[in-house]
Amino acid sequence: MKILVSTHSYNSVNPCGILSIGILGELANLNHEIKVICSSNSTYSGDAHGPETYACSEISWLSSRSVVFISGLVNRDCLHILWERRAKVIGSELCRSWKPDVIYSRSNPIASGMVGAYLSDKFHIPHSAYFSDPIPAPFYMEPDNPMRRARLCQSRKILQNARQCSFGTQQMLDFQSAGCELPELGAKSFVQPNFIPEFRELGDNANSFPVFCYAGSFYGARKADSLILGFERLLNDFPKAELHLLGCRAQGVIELLTSETLRRQIKLLPRVNNVYDAFAKATALIDVDPDAPDNVFSSTKIYEYLGVDRPIIAITTPKSPSAALLGRSPDTIFTTFHGDYEGVYQALKRAWLLKYDHSRFERRNSVFKGYLLDSQALMLSEKLEHLAAK
């Protein structure tokens, strides 16, 4: 099957780009012919046996304030408008000469979906639209302004155009359906979660004191206070315990390190190319969701965590996608909630006291094997083949 893909992000730097490389490469391994229209800002050099890429130049031509103002005037997100126009030209040439069976767009940003909708309309090719994030984002992330209203209008257009839609979580699908006032959206949609790259056995690191690792930064509603205060309580029991914040910006953390002990035992470490080395040194891995009741996201890092034999501590909200997902393996995953400092302390303590037993992680792997990259790519392949056959 010939699949023409529109995805602005196709690189090894940001989560959207990394996920696109993984899923599209695996689709190519299933013997599909794939051509990818992406941004020239991509840092991914490609794979000789993977999808063929067509990079469109990206020029930053306006300040962010100007973009918001103009977007409100024309009722569309203009942030990547020049890339979008070039992508439509290249896509049109490919539709005429190559004649794809389906068009598959991967938004975020929304320009990717707009290219897919345009090509589908113009050449009458079925369009499958994937949203890695809700567009626009929930109000706690993106307040009501002209840009948000423009994105809402564009999202509605894309979702109405597409014959098939997919979202990272069920909560995201429900949020998008309600926000765009498309109650029928669920009938043509499915959930395409982030994938586990692979299962890796790191083995017991035999630490003599607890070492916890959090990969990423804290910003907006993703706050560090519950983790820091819970860890501070743990230091009363285990004074040598360390908390490694991997690739974490100081903002949102430094102001919480109110004692010399916290400043000594919490390490802000630089970003690394191979996160598995850091994971191998850890007693347990930590994920922190946004502290928002209407959280619809499931973080990319949680799927990396699920691929290794380490306990996971999730600080989330009761109805979040992560709470539902991670509750399926309570013997190695300890879920607690924002504001529950005692619960965070207890989760950290339980993870440290849990004796390493690889059979526990083998059982967890059997629970989550459907989230492996090859399984997710096979599901997507079947969905796209069904769309093409309609």
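Source: prediction; values computed, not measured.
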Decide yes or no on side-chain contact (heavy atoms from CB on, under 4.5 Å) for Asp204 and Asp309, but give the supporting numbers first. CA-CA 9 Å; Asp204 187 4; Asp309 49 349; over 6 Å; no
Quick one, Arg222 with Asp289, criterion side-chain contact (heavy atoms from CB on, under 4.5 Å). Give me CA distance, side-chain angles, the key distance, then yes/no. CA-CA 6 Å; Arg222 182 172 275 112; Asp289 270 341; 4.3 Å; yes
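For residues 275-315, the pairs satisfying ring-ring contact (aromatic ring centres under 6.0 Å, His included) are Tyr276-Phe279, Phe279-Tyr305, with sequence neighbours left out.
Across Phe167, Phe190, Phe175, a single residue satisfies ring-ring contact (aromatic ring centres under 6.0 Å, His included) together with Phe131, and that is Phe167.
Closest non-hydrogen pair, Ser9 versus Cys16, comes out as CB-CB, 4.0 Å. Between Leu373 and Pro197 the shortest heavy-atom distance is CB-O, 4.1 Å. Minimum heavy-atom separation, Pro136 to Glu142: CB-OE1, 3.4 Å. When all heavy atoms of Gly113 and Ser105 are compared, the pair lying nearest together is CA-OG, 3.7 Å. Of all the heavy atoms in Cys213 and Ala282, the pair that sits closest is CB-CB, 3.8 Å. Across Leu354 and Pro311, no two heavy atoms sit closer than the pair CD2-CG, 4.0 Å.
Checking side-chain atoms of Ser189 against main-chain N and O of Ser166 turns up no donor-acceptor pair under 3.5 Å. Distance alone, capped at 3.5 Å, places no donor-acceptor pair between the Arg149 side chain and the Asn75 backbone. Put simply, the side chain of Asn207 gets close to the backbone of Lys281: a donor and an acceptor are under 3.5 Å apart. Proximity of a side-chain donor or acceptor of Gln376 to a complementary backbone N or O of Gly370 within less than 3.5 Å is detected. Using a distance-only test at 3.5 Å, with no hydrogens or angles considered, no donor-acceptor pair links the side chain of Asp77 to the main chain of His80. The main-chain N or O of Ala221 is never found under 3.5 Å from a side-chain atom of Asp291 such that the two would form a donor-acceptor pair. No donor-acceptor pair closer than 3.5 Å links the side chain of Ser375 to the backbone N or O of Tyr371. With Asp225 contributing its side chain and Leu256 its backbone, the two residues share no donor-acceptor pair below 3.5 Å. Distance alone, capped at 3.5 Å, is enough to place a donor-acceptor pair between the Ser217 side chain and the Arg249 backbone. No side-chain donor-acceptor contact under 3.5 Å links Gln176 to the backbone of Pro134.
Residues Leu262 and Leu235 meet the side-chain proximity criterion, which asks for heavy atoms closer than 4.5 Å. Side-chain contact between Pro100 and Leu94 is absent, with no heavy atoms from C-beta onward closer than 4.5 Å.
We find that Glu304 and Lys301 are not joined by a salt bridge, their nearest charged nitrogen and carboxylate oxygen being 4.0 Å or further apart.
Under the 30°/60° scheme for interplanar angles, the aromatic rings of Tyr130 and Tyr104 are found to be tilted. The aromatic rings of Phe231 and Phe212 stand perpendicular to each other, their planes meeting at an angle above 60°, with 30° marking the opposite boundary.
Using modelled atom types, one finds no donor on one side chain facing an acceptor on the other under 3.5 Å when comparing Thr317 with Asn295. Side-chain contact, Thr332 with Arg360: no donor N or O sits under 3.5 Å from an acceptor N or O.
Tyr140 is linked by a ring pair (Phe, Tyr, Trp, His ring centres under 6.0 Å) to nothing, counting only residues two or more places apart in sequence or in another chain.
Geometrically, Arg106 does not engage Tyr10 in a cation-pi contact, judged by NZ or CZ lying under 6.0 Å from the ring centre and within 45° of the ring axis.
Phe209 and Tyr356 fall into different hydrophobic clusters, defined by Ile, Leu, Val, Met, Phe, Trp and Tyr side-chain heavy atoms under 4.5 Å apart, directly or through other members.
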